[in-house]
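Within every chain, numbering begins at 1; the chains are lettered A, B, ... in the order of the sequence lines, protein sequences first and strands thereafter. None of the values given here were measured: they were computed from a predicted structure.
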Amino acid sequence: MIEITLTAWQMLVVKLLIILIIVPVGALVGGYVLHKEMAHMQHRLGPMYAGGWHGWAQTLADGIKFAYKEDIIPASADKRVFSLAPAVIFVPVLLLYLVIPIDRNLIVEDLDVGLFFLLAIGSVGSIGVLMAGWSSANKYALIGALRSAGQLIAYELPIVFSAAAIAMLAGTLSLVGIVEAQDWPFILWPPGLGLALFLLFLVGAMAEMALPPFDMPVAESELITGPFTEYTGMRFIFGFFFAETAHMIAFAAIGTTLFLGGYKPIVPWGPLDVIPGVLWFFVKTSFMVFLLLWIRFSFPRLREDQLQKFAWKVLIPLSLVLILVTGAWVLYGP
Amino acid sequence: MALDIDQRLEKARRPGFGIGLLKGMAVLLKHFVKRNDVIQYPEVKQDLSPRTRGVIALKEENCTVCMLCARECPDWCIYIDSHKETLPAKREGGRPRKRNVLDRFAIDYALCMYCGICVEVCPYDALFWSREFEYAEYDIRQLTHEKEKLSDWMSTVLPPIELEDGADIPGQPTKAVTAESATPSVETTAASPAASAPDTATSPAPETAKPAPGLAEEVKEQQMDSAAKPEAEPEVKRDPEGTVEEGTQAEVEAKTEAETPSTPESTAVTQTPSTPAEPAPAPTRPAPKLEDLEPAEDAYGRVLDEQTKAGSSPQVAEARAKVARVKAERALTQARAAAPTDTAPTPEPSGTPEATEPEQGSVAPPDEGTKGPND
């Protein structure tokens, strides 16, 4: 083995480069998985031609196509804000990957406030959406932006509360600490509570990423692309497509870290320890992605008022109740 | 099945919170894991059935330029030009023959809607369906196929398909015609020696009462005739083109041959006044009597019970019971309308002496009304 000694800063730079490479590649693969899964669930085949074997290069081809599209900024748009909005949406998604542990020792930076960092960074995207919609000088984009902002704010709370409950159960905000505190059976313990928190997180995450059935801001058949209607080419890809897919994978990873046991083996059976944690993490994240997409393809979208009602009248009271229950469990339970 | 039918219907309508969501997800998962049989055209082509309607092909030698196809085409997409030629007489002193010569026969496939009326209506079998559909062009003018191209398409026409059991045999009058020309023909063919013995033994009595089985017997008998002439059938099957009409002609000849031995007998039989041959012309059912009909609600209950016993789902059972109820109601109103002189159904049994006295006419209610309080 070649011994490489790097300073902490150099190590950090290497890790950031890895993230910068892996995340877009992951988004490409995620996009391909999306197309194929949707296709097979609808009893058809999906991309088959791009790249020769079952269309594996489809998203790559799409990305290249978008790269040489004309970059149009509407004449009455606010140029600076318009150009910055996709960055404000995309960069926080990249930052999410900094604190997710792939294995016990494989993490970019194990922050002591890792969970808090995640939730805080995750909220920055809402500003980007508002910027995009407002600066587009397009009524419908603005409507999409306002709906999106309202939705993101409303559904942040279930995510925050379920994550907070997990932090209470684990006793730490560090993500590695949370994974270490979990044991088999992962979401089935505490009985009922774990599952309820998981579902709460799932619903909140779907709404946070504007996935159907919560995709009213995007509402493709009604608002075209909502806040991103005026975006073309690379701005569109980075602000919309990459952000959405990378965000989905990030939330899948966060979900596995918080609820499914991260890099731990599924069953604590001796012989399974040979399999590296990275592989377990990968398997669990893939399952989460599959689950998110599966729900996405199954249901029609909620109307904006139904969406808001569901958040404020159902999910948030429920999450408050669950926080109380979790607190009681931590104090008086085993 | 501990719940009764109403409870089960209610449960089917409201399956409970979230069950519908999970069922939807289950459907998607089922399709996800199921084998996918998408046909990836153009690398893989679908197996088309023999009656697939693709392009229409022309057999020039059969066309007599009768113009029926051009007339009947709803789109007016067939363009025909012709001229008449005079040929010398065949015999000494005969009249010169006139012939139609086809100059131009074109079908404009940009207009054609593939309805098939031209193929159906052509009396000389000059137009045929083919299964070809890959003739898209870059220029719309290339979509008008002329005579030569239409004749080229003939090489893609399939041989005719075998007839199903009970189908009308080409060259023979259709079943509807034979039914109307009633039983004499049925009886003669039944009595003919070509028919097998068991059929004739049972034929006279049931045939008068039920013409339908007699028809089936006749058709079966004709098919046995055609089986008895094996050379007609394979001829039709083996030659792909051109022998369609030859085959039918052969069949017609075969039939007439089979029937000639029976004609002396048929004339003999028809001379006797065929007393059993009173054809029930159209089997009309007598109108059902009012008392025989069941009330609508009973029909509903009965069908519901039958269906649930047979294992239908609650929604299906309910729907069929409703249909039965509507039908029963209709029958009741029909029967009531058909029998206006009947007295209204009595609410009390007619045994009571008080009820019979005022109800001598059809107007019972006013008498009853005046009688009531005084009783």
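Note that the CZ atom of A/Phe290 and the CZ atom of B/Phe32 stand 4.5 Å from one another [nearest 0.5 Å]. Remark: A/His40 NE2 to B/Asn36 CG distance equals 5.5 Å, nearest 0.5 Å. Between A/His43 atom NE2 and B/His31 atom NE2 the span is 6.5 Å, to the nearest 0.5 Å. To the nearest 0.5 angstrom, B/Leu28 atom CG is 9.0 Å from A/Glu37 atom CD.
Other residues, nucleotides and ligands place no more than 12 heavy atoms under 6.0 Å from the CZ atom of B/Arg51. In A/Phe66, the CZ atom is crowded: over 12 heavy atoms of neighbouring residues, nucleotides or ligands sit closer than 6.0 Å. Applying the 6.0 Å contact sphere to NZ of B/Lys327 captures no more than 12 heavy atoms from other residues, nucleotides or ligands. Crowding of B/Asp47 atom CG: a count of heavy atoms from other residues, nucleotides or ligands under 6.0 Å not exceeding 12. The number of heavy-atom neighbours closer than 6.0 Å to CD1 of B/Ile140, taken from other residues, nucleotides and ligands shown, is 12 or below. For A/Trp56, the CH2 atom sits in a loose shell: 12 or fewer heavy atoms of surrounding residues, nucleotides or ligands are nearer than 6.0 Å.
What you find for B/Val38 and A/Arg44 is that their closest heavy atoms are CG2-CA, 3.8 Å. Listed here is the closest heavy atom pair of A/Trp294 and B/Ala26: CZ2-N, 4.4 Å.
Both the backbone and the side chain of A/Phe297 come within contact range of chain B, with heavy atoms under 4.5 Å apart.
Between chain A and the options B/Gln40, B/Lys34, B/Lys30, heavy-atom pairs under 4.5 Å are most frequent for B/Gln40.
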